[in-house]
Amino acid sequence: MKISYYPGCTLKTKAKELDRYGRESAKALGVELEELENWQCCGGVYPTGKDEIATKLSSVRTLENAKKNGGKLVTLCSACHNVLKQVNEEIKTNEDFAFRANNYSKFDEEYHGETEVIHYLEMLRDTVGFDEIKKKVVKPFKGVKIGAYYGCLLLRPSKVMQMDNPENPKIIEDFIRAIGGEPVIYPYRNECCGGYVTMEDKNIAVKKSSAIMESAGSFGADLMVTACPLCLYNLTQNGGGSVPVKYFTELLAEALGVKEED
Amino acid sequence: MPSETLKEQVIRISGVNPLKCMRCGKCSGSCPSYEDMEYHPHQFAYMVEKGEIEKLMNSDSIYKCLTCFACVERCPRNVEPAKLVEAVRLVKIRQQGANHLKAESIPEKLDAELPQQAIVSAFRKYSK
Ligand code: SF4
Ligand code: SF4
Ligand code: SF4
Ligand code: SF4
């Protein structure tokens, strides 16, 4: 099965492993992620201003492109996912924005949010199925206590993201079980790490990320997993580094036996 | 057309109706930046309604919001305070020469591990 895929700029640079392990694992699970042609950076954060048009156009182009390429789009970085999904919702529901974006873009056929945007984790849950994954695991993470770090953007705003319960999510815990690990539920798993504010006031990111690391550590996590390069940065660089943090795709690739050692 | 007041601009850009706020404080209670903000999310709702936009525009609080959507998620009245914070910031940084993040300041903030995403996001939030 082929599905269109949007890697985003960071997965082409700092977070190459998130991308590479994601593709290799998908292949092992029977899904070919087909990178969209000529995609542009989504800008990293969703601009909430109603009169912001230009800053949302690269996402609109990506979404329209995916509509012509199967109608489904898989994302992997939590931030890209949030931006693309929120812009998609906006063009579906805000007539003024839809009018202006289409007017400017001049697509052959107007775009009104037809593409279905799903996160890689949703693809694992809904397209492949965690039970299928379990069957294909050759190196289970037996006895490893793994803390899921959701952060903020995967789940919120839940009205739009509709991935999981925003206060009590379980998709990453189910993933951890599927690869044979033991999920650790800790209170700060859906608190924000500080995000881009590390550029403005590093101290905020240090406080937020340290609190998350301490929370995970005190509940017994040996390892933490995330889907976001900025979360990974904040937790490891600003959070004190007491617990190792990895991309969930790296663990998946390892469990499926497709992780090449380099 | 008479020029739009600051309050009208903030309401138009945010799409928020601050009158819906019942001042329960749940947004501020959920806000991860609470202790670093001079004005908190519930105060944005209240002060925008009263038209005290300049105070908000001149406070560093508008740069401390993480856009984590916790206040949007947890507000029982669907006020979406994060959108007010963003609208006030937009009104501010759209002024001539008011970009908060300057390209010249980037090199000193870089480290080997910093993902591109952080830089792109910060520019989007702090500069126009
Ligand atoms: S969200 Fe980040 S990683 Fe994704 S495309 Fe945009 S800037 Fe790049
Ligand atoms: S947890 Fe941090 S990096 Fe991750 S999505 Fe939230 S702000 Fe961004
Ligand atoms: S949570 Fe909503 S209703 Fe309560 S104070 Fe905040 S904005 Fe007002
Ligand atoms: S979006 Fe901003 S104001 Fe709202 S809770 Fe998060 S940091 Fe606070």
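Every chain is numbered from 1 and lettered A, B, ... according to where its sequence line falls, protein lines coming before strand lines. Please read these numbers as outputs of a predicted model, since none were measured by experiment.
Across A:Leu57 and A:Ser105, no two heavy atoms sit closer than the pair CD2-OG, 4.0 Å.
For the 3.5 Å distance criterion, the side chains of A:Tyr46 and A:Glu52 fail to qualify, holding no donor opposite an acceptor. Side chain to side chain, B:Asn58 and B:Glu54 fail the donor-acceptor criterion of an N or O pair below 3.5 Å. Neither side chain, A:Asn238 nor A:Lys207, offers a donor N or O lying under 3.5 Å from an acceptor on the other. Under the 3.5 Å distance criterion, with hydrogens and angles disregarded, no donor-acceptor pair is assigned to the side chains of B:Ser14 and B:Glu86. For B:Tyr63 and B:Asp36, the side-chain atoms include no donor-acceptor pair closer than 3.5 Å.
Heavy-atom pairs under 4.5 Å with chain B were tallied for A:Gly49, A:Ala211, A:Ser158; the largest tally goes to A:Ser158. Comparing B:Val72, B:Asp60, B:Thr67 by heavy-atom pairs within less than 4.5 Å of chain A, the highest count is held by B:Thr67. Heavy-atom pairs under 4.5 Å with chain A were tallied for B:Pro115, B:Cys65, B:Ser30, B:Ala118; the largest tally goes to B:Pro115. Of the listed residues B:Arg89, B:Glu35, B:Glu113, B:Glu80, the one with more heavy-atom pairs under 4.5 angstrom with chain A than any other is B:Glu113. Heavy-atom pairs under 4.5 Å with chain A peak, among B:Lys109, B:Arg124, B:Arg74, at B:Arg124. Counting heavy-atom pairs closer than 4.5 Å to chain A, the top residue among B:Lys64, B:Lys125, B:His100 is B:Lys125. Counting heavy-atom pairs under 4.5 Å between each of A:Lys202, A:Lys12, A:Glu167 and chain B puts A:Glu167 at the top. When A:Lys50, A:Arg156, A:Lys159 are compared by the number of non-hydrogen pairs under 4.5 Å with chain B, A:Arg156 comes out ahead.
Residue contact with chain A, scored on non-hydrogen atoms closer than 4.5 Å, involves the backbone and the side chain of B:Arg12 alike. Proximity to chain A is limited to the side chain of B:Leu90, based on heavy atoms less than 4.5 angstrom apart. If you measure heavy-atom distances from B:Phe123 to chain A, you find no contacts under 4.5 Å at all. Both the backbone and the side chain of B:Leu114 come within contact range of chain A, with heavy atoms under 4.5 Å apart. Residue B:Ala87: no heavy atom, backbone or side chain, is found under 4.5 Å from chain A. Heavy-atom distances place both the backbone and the side chain of A:Pro157 under 4.5 Å from chain B.
The distance from the CD atom of B:Gln95 to the CG atom of B:Asn99 is 11.0 Å, given to the nearest 0.5 Å. Remark: A:Leu153 CG to A:Asn190 CG distance equals 12.0 Å, nearest 0.5 Å.
Figure legend: cation-pi geometry between A:Lys14 and A:Tyr233 absent, as NZ or CZ is not positioned both under 6.0 Å from the six-membered ring centre and within 45° of its axis.
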